[in-house]
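Contents: one structure, followed by commentary.
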Amino acid sequence: MDKSDYKSWQAAFERLRSNKVFELVVVVIIVFSALVVGAKTYEETTRFTRIMDVLDWAVTIFFVVEIAIRMLAERRLVNFFKSGWNIFDFVIVVASLIPVDGGQSILLARLLRVFRVLRLVSIVPELRMLMNAFLKALPRMGYVALFMFIIFYIYGAVGSFIFRDINPFYWENITTAMLTLFRVATFESWTSIMYETMEVHAWSWLYYISFIFLSAFIFLNMMIGIVLEVMQKESAALSLESGEGEAADIHWLREHVAELQEQIGAIHAHVLATSNSKVGTED
């Protein structure tokens, strides 16, 4: 096969990879594979084990063909592995080909097939954008979580010192108290805990209200703000990549404004040079 034939085949695979119908078929097969794996968890489907196995292998073969098409669509094979999502897809597909011989390997194979549904994230751009935003927000959310832990620790220690004699089940030590505070933060029947302590310490409602105000309102809104900020940036990046949306339009305007400024500058310089030459001729 000469170079021109290779380029024609590569272009054909690239068109197939970017074809919307092909992408839709891949999404449908991923969902179908997840349904097949889920169906195996029901005892009623044990009589269809042979059919399930055939369907599972058919899905695996389709994924092998699909990943091969995506690899052949690259002008250089190394470009395929520059994307973390492509590496994830490749590992999941290759792991599905590992033969099973019973015992723990069957459990491993089933777990790997469960993770195939995550391929939806790499196929659907919107889901990929959400996952990227989540991963990029994690470091900043970690500092908020650390601050929350400090607040939990302080309130847990105070609650254990003051309320331990009232109900050791909730306040026996700082670990138990922090678990109780987590229940309070999730609003799971927290009023019954508060009323129990208020029978002994009438002011204890301040303890719970202030803790809820910090954990449920301030820290939760801080988490949401971080995620929204990162999602906005990722959405703009996705718009630039696809060439659609407000961010892409603004980027296009900036590029053309810069080009116009360069052209105006060149015209201005040309006019000045022409006028200077005319003045020199008249002199």
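Just so it is clear, the structure is predicted and the values come from calculations on it, not from any experiment.
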key: CZ (Phe169) with more than 12 external heavy atoms under 6.0 Å   = no
ask   = Does a side-chain heavy-atom distance below 4.5 Å link Ile193 with Arg183?
value = yes
key: Euclidean distance, Leu179 CG relative to Ile174 CD1, rounded to 0.5 Å   = 11.0 Å
ask   = Distance from Met148 atom CE to Ile218 atom CD1, nearest 0.5 Å?
value = 11.0 Å
task = Show the numbers, then the answer: is there a side chain to side chain contact (heavy atoms under 4.5 Å, CB included) between Ile30 and Phe63?
result = CA-CA 9 Å; Ile30 292 174; Phe63 284 152; 3.7 Å; yes
note = In this structure, OG of Ser204 is separated from CD of Glu196 (nearest 0.5 Å) by 10.0 Å
note = Thr176 and Pro168 have their tightest heavy-atom pair at CG2-O, 4.5 Å
request  = Using modelled atom types only, decide if a donor and an acceptor are shared between the side chain of Arg164 and the backbone of Glu172 within a distance under 3.5 Å.
outcome  = yes
Fellow cluster residues of Leu220, listed by chain then number, with links counted only when side-chain atoms sit under 4.5 Å apart = Ile224, Leu228
task = Could you label the plane-to-plane angle of the Phe149 and Tyr153 rings as parallel, tilted or perpendicular, counting under 30° as parallel and over 60° as perpendicular?
result = tilted
inquiry  = Let me check something: do Phe62 and Val28 share a hydrophobic cluster, defined by ILVMFWY side-chain heavy atoms less than 4.5 Å apart, either directly or through other members?
reply    = no
key: salt bridge (charged side-chain N to carboxylate O under 4.0 Å, His left out) partners of residues 82-98, not counting sequence neighbours, each pair once   = Arg70-Asp89, Asp89-Arg119
note = Here the gap from Met141 atom CE to Leu146 atom CG, rounded to the nearest 0.5 Å, amounts to 13.5 Å
ask   = Can you get from Val65 to Phe90 by hopping between Ile, Leu, Val, Met, Phe, Trp and Tyr side chains that sit under 4.5 Å apart?
value = yes
inquiry  = With rounding to the nearest 0.5 angstrom, report the OG1 to CG distance, Thr60 to Leu55.
reply    = 10.5 Å
N/O donor-acceptor pair under 3.5 Å between Asn221 side chain and Phe217 backbone = yes
inquiry  = Check this for me: Phe81, atom CZ, are more than 12 non-hydrogen atoms of other residues, nucleotides or ligands nearer than 6.0 Å?
reply    = yes
message = Any non-hydrogen side-chain atom of Trp171 less than 4.5 Å from a side-chain atom of Thr180?
response = yes
task = Establish whether Met223 and Phe213 are linked, either directly or via other cluster members, by ILVMFWY side-chain heavy-atom contacts under 4.5 Å.
result = yes
query = How far does CG of Leu138 sit from CD1 of Ile226, to the nearest 0.5 angstrom?
reply = 10.5 Å
ask   = Do the rings of Phe211 and Phe152 sit parallel, tilted or perpendicular, given the 30° and 60° boundaries?
value = perpendicular
message = Could you check whether atom CD of Gln232 has more than 12 heavy atoms from other residues, nucleotides or ligands sitting under 6.0 Å from it?
response = no
message = Just so I know, are the side chains of Glu188 and Phe182 near enough to count as touching, which here means a heavy-atom distance under 4.5 Å?
response = no
inquiry  = Taking salt bridge (charged side-chain N to carboxylate O under 4.0 Å, His left out) as the cut-off, I'd like each qualifying pair that reaches into residues 206-232, sequence neighbours left out, listed once.
reply    = Arg140-Glu229, Glu229-Lys233
ask   = So, do Phe22 and Ile69 sit near enough that their side-chain heavy atoms are less than 4.5 Å apart?
value = yes
key: Cluster link Val91 to Val59, ILVMFWY, side chain under 4.5 Å   = yes
inquiry  = Checking Thr197 against Tyr208 for the side chain to side chain donor-acceptor pair (under 3.5 Å) test, could you report, in this order, the C-alpha distance in whole Å, the side-chain angles of both residues, the deciding distance, and whether it holds?
reply    = CA-CA 10 Å; Thr197 58; Tyr208 298 97; 3.1 Å; yes
query = Would you say the side chain of Glu66 lies within less than 4.5 Å of the side chain of Val25, judging by non-hydrogen atoms?
reply = no
request  = Quick one: closest heavy-atom pair of Gly156 and Met178, and the distance?
outcome  = CA-CG, 4.4 Å
request  = Using atom types as modelled and distance alone, determine if a side-chain donor or acceptor of Asn79 lies under 3.5 Å from a backbone N or O of Glu74.
outcome  = no
query = Which of parallel (below 30°), tilted (30 to 60°) and perpendicular (above 60°) describes Phe88 and Trp85?
reply = perpendicular
message = Could you tell me if the side chain of Ile87 sits less than 4.5 Å from the side chain of Phe80, heavy atoms only?
response = no
task = Decide if the gap between the ring center of Tyr207 and the ring center of Tyr155 is smaller than 6.0 angstrom.
result = yes
query = Taking all atoms of both residues into account, what is the closest heavy-atom pair of Ala34 and Val117, and its distance?
reply = CB-CG2, 3.8 Å
key: Ala157 backbone acceptor or donor facing Ser160 side chain under 3.5 Å   = no
message = Same cluster or not: Val54 versus Leu35, using hydrophobic residues (I, L, V, M, F, W, Y) connected whenever any side-chain heavy atoms lie under 4.5 Å apart?
response = no
request  = Please report the shortest heavy-atom distance between Leu120 and Leu127, naming the atom on each side.
outcome  = O-CD1, 3.7 Å
request  = Return the minimal non-hydrogen interatomic distance between Ile67 and Val64, and the atom names on each side.
outcome  = CG2-O, 3.2 Å
query = Does Phe163 reach the side chain of Val200, with side-chain heavy atoms less than 4.5 Å apart?
reply = no
inquiry  = Between Trp190 and Met194, is there a side-chain heavy-atom distance shorter than 4.5 Å?
reply    = yes
query = Going through the distances and angles, do Phe219 and Val144 end up as a side chain to side chain contact (heavy atoms under 4.5 Å, CB included)?
reply = CA-CA 7 Å; Phe219 290 125; Val144 178; 4.1 Å; yes
